[in-house]
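Data first, discussion second: the structure below is written as structure tokens.
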Amino acid sequence: MTTPSRLDQASKLPDGMRMGDGVRKQTRPTCQTYVWLWALVSMLSWEQTGWGQSDAFSDDEGTAFIDQYCVDCHQPPKPKGKLDLTLYTTVDQIVEDALDWDSHLNRVRDEDMPPDDDDVTQPTMKERMAFVDWMQQTLSNAACSDGIQPGPPMVRRLNQGEYSASVRALLDIHFDAGEALPNEGAGGEGFDNAAETLFISPIHAEKYLDAARSAVKYAFADTRSSQRFLIAIPDENTTPPEAARKILEEFLPRAFRRQASPDEISEYLDLFEQAYAEEKAFGPAMQVTLSAVLISPKFLFIIESPTGSAEPIPLDDFELATRLSYFLWGAPPDDTLMQVAAEGTLQEPETLKSQVMRMLKDPHARKVRNFAQTFVEQWLGTRALGREFKPDKSIKGYDSELEGGMKYEPVFFFHEILTENRPLLDLIDADYTYINRRLSRHYKVKGEFREQPKRVDIENDPHRGGLLSMAAILAVSSHPHRTSPVLRGKWILETLLGDTPPPPPPGTPLLDEDSHEEEAQSLRQRLEQHRADPTCATCHDKMDPLGFSLENYDVLGRWRTEEGGQPVDAKATMPDGTEFEGPAQLKQILMDRKDQIVRHLTRKMLGYALSRGLTFEDFCTIDAIVEDLKANEYASHRLLMGIVESIPFRYKFSGKAPENE
């Protein structure tokens, strides 16, 4: 008998619920347990870093480590930090307080604990990492041993970009209907499609009404657009209400992204008749009616029906089609996807896969690129270029044309990775990129270029390749007037590795990177002095070396060998003593941590796809997808299909039994 892989467990359910087994049916864990997951995901990635691996302890050895190295300081009557570790003598006691053990484990891993005092016995590095591995596995088993559970039915408002795309698809207009809507804030895993932040306010209601009227008026004035939805008009054989009914029967299912009920059609037909009685003309009355559709919550919100069950159930096919299209396109389902949903076959594995592959192909390149742009600019932070981040006037060569080329590069690059099934490791290093005419001059790349970026082979350019050599990323991880090893190192830790440094403790002196005192003292020297303070060293020892290796790139990502008349020093040493120099060797270090990078990307993309912050119940899905990616050369389609086929994406769970049970 073959044991199912973790990916199988992430995409299967019990008999009668389609596609196998493996979903937990019990009540949801506590909120405290959910919060713990965030750091656990980051901790689990440590085993892939190559910076400290060992065989995990047994349970007895793990609890003995706590007793030997931790309890002396953390026991009654005055435990340090008010942390009494005598309360944790068994695995069950540790699991019950998983949230607390997150922070404890991080400090052990980072060698903050036990403290480096003369009178404190220190574990060997092998013991330390064996304890970390054991604790990771212990918490992972607690999270995953009894299966995977989906989240609740989705109820969220379309964000600004999704609203614009939905109106554009519905009316077939080239008009940004959402331009005047308020900007969205990020939530969940850092994206503006997170349900947690997509509330609606009085100003939204007013703006939506104005946007609906403007969009419908624009569509009626455009003959090509109006042919998309005005499929009937009154004539000697058709009354105005009959024509309106035909339009609504076709329009409402596309607007609501599901089949419209007879009552819904009648509701809007009644509105048409009231407007027609007042307007005395078919066109104006129809404009009023369609504008009303565009301000309906059934259009403005993605609303999945309650489960009415104490067990997870599959999304219906229209709900799945909607999740799929807003994930891969940021837009509503097209006619083909709606037809497949109407046939009730979208949950079938082969049908689902064929639809994903169809949606990634050339006819839909613009919509997939929209997904790439929306995801990349928020994940990498390049949306800030030209907004929150603008280079100082002292930085020569920056203009709006260059800004456009800089922002395009990572978007087109990521678009190819997704559509061509490229390995995700191209993000670390690649022999190609996408540049336009202005960016080619900036990078000093020869050839024929236009405003639209094109693919360029950079195999022979030792300074380019992968995200870290892209001008947009190097700019937003700099100060406006100078590069910053601290910001660039922090960007790598946070954005690529998912290892967010904690804020400095209260009272920690701030580093003035911009100090002009003693010109002879370099920034590197000031950072070394800053790291001499133990409270600063914990984070800066990890951040600064990563950033220093990128010092050959100026604020705008141009390659340089001198800065201020002095040779650029791109040498760096990691906390474990690993020495390296420049971006090429940095890429090798990051390649050694590729699984940590891929895990973090998986977490970000799963959160984006689910439009919410991830929970305890999503951790095993991430782990299963990464396991599958490792077994399949990190091919991007495995990431996309792993998410789309997963239980959290295809199922919903209210966690409550029906009222009459």
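- Nearest heavy-atom pair, Leu300 versus Leu294, reported as atom, atom and distance to 0.1 Å: CD2-O, 3.5 Å.
- Defined by atom type and a distance below 3.5 Å, a donor-acceptor pair is present between the side-chain atoms of Ser164 and Asp176.
- Just one of Ile473, Leu427, Val476 meets the side chain to side chain contact (heavy atoms under 4.5 Å, CB included) condition when paired with Leu380; it is Ile473.
- Aromatic ring orientation, Phe412 versus Tyr434: tilted (interplanar angle from 30° to 60°).
- Looking at Trp329 and Phe371, their side chains never come closer than 4.5 Å, going by heavy atoms from C-beta outward.
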Report task. Would you please test Tyr326 and Ser166 for side chain to side chain donor-acceptor pair (under 3.5 Å) and show each step? Result -> CA-CA 10 Å; Tyr326 281 102; Ser166 300; 2.6 Å; yes
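- Atom NZ of Lys207 has 12 or fewer neighbouring heavy atoms from other residues, nucleotides or ligands inside a 6.0 Å radius.
- Residues satisfying the salt bridge (charged side-chain N to carboxylate O under 4.0 Å, His left out) criterion with Arg369, sequence neighbours excluded, are absent altogether.
- A salt bridge is defined here as a Lys NZ or Arg NE, NH1 or NH2 lying under 4.0 Å from an Asp or Glu carboxylate O, and Asp222 with Lys217 fails to meet this definition.
- Contact check on Lys542 versus Asp499 returns a salt bridge, with a Lys/Arg side-chain nitrogen under 4.0 Å from an Asp/Glu carboxylate oxygen.
- The closest side-chain heavy-atom distance from Ile435 to Pro453 is not below 4.5 Å.
- Taking every heavy atom of both residues into account, Ala177 and Ala211 meet most closely at O-CB, 3.3 Å.
- When all heavy atoms are compared, the tightest approach of Val167 to Ala215 is CG1-CB, 3.7 Å.
- Taking the ring centre of Phe191 as origin, the terminal cationic atom of Lys604 falls inside the region bounded by 6.0 Å and 45° from the ring axis.
- Seen from the ring of Tyr443, Arg558 does not count as a face-on cation partner, given the 6.0 Å and 45° thresholds.
- You'll find the side chain of Leu640 reaches within 4.5 Å of the side chain of Leu360, heavy atoms only.
- Ser201 pairs by the side-chain hydrogen bond (donor to acceptor under 3.5 Å, both in side chains) definition with His204, not counting sequence neighbours.
- Rounding to the nearest 0.5 Å gives a distance of 14.0 Å between CG of Leu290 and CZ of Arg213.
- Contact annotation: the side chain of Ile303 never approaches that of Arg258 to less than 4.5 Å [non-hydrogen atoms, C-beta and beyond].
- In this structure the side chain of Phe327 never reaches within 4.5 angstrom of the side chain of Leu610, judged on heavy atoms.
- Phe299 and Phe256 have their aromatic ring centers separated by at least 6.0 angstrom.
- For the 3.5 Å distance criterion, the side chains of Tyr398 and Glu403 qualify, holding a donor opposite an acceptor.
- Within 6.0 Å of the CD atom in Glu196, the count of heavy atoms belonging to other residues, nucleotides or ligands exceeds 12.
- Around the CZ atom of Arg450, the shell of radius 6.0 Å holds no more than 12 heavy atoms that belong to other residues, nucleotides or ligands.
- Between Glu409 and Thr433, the side chains place a donor N or O and an acceptor N or O closer than 3.5 Å (distance only, hydrogens not considered).
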Query - Derivation of the side chain to side chain donor-acceptor pair (under 3.5 Å) call for Asn193 and Asn159 - result: CA-CA 6 Å; Asn193 68 344; Asn159 67 20; 5.7 Å; no
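- Of the N and O atoms on the side chains of Arg599 and Gln596, not one donor lies less than 3.5 Å from an acceptor on the other residue.
- Between Tyr432 and Phe413, the ring planes are tilted. Angles from 30° to 60° get that label.
- Taking the ring centroids of Tyr163 and Tyr208, they lie under the 6.0 Å cut-off.
- His442 places a side-chain N or O within donor-acceptor distance of the main-chain N or O of Leu556, the cut-off being under 3.5 Å.
- Under the salt bridge (charged side-chain N to carboxylate O under 4.0 Å, His left out) rule, Glu162 has a single partner from Arg168, Arg156, Lys367, which is Arg156.
- Under the 4.5 Å side-chain criterion, counting only non-hydrogen atoms from C-beta, Arg254 is not in contact with Pro332.
- Annotation: Tyr268 is not in aromatic contact with Phe251 [ring centroid separation under 6.0 Å not met].
- Partner Glu319 forms a side-chain hydrogen bond (donor to acceptor under 3.5 Å, both in side chains) with one of Arg257, Lys652, Arg650 and no other, that one being Lys652.
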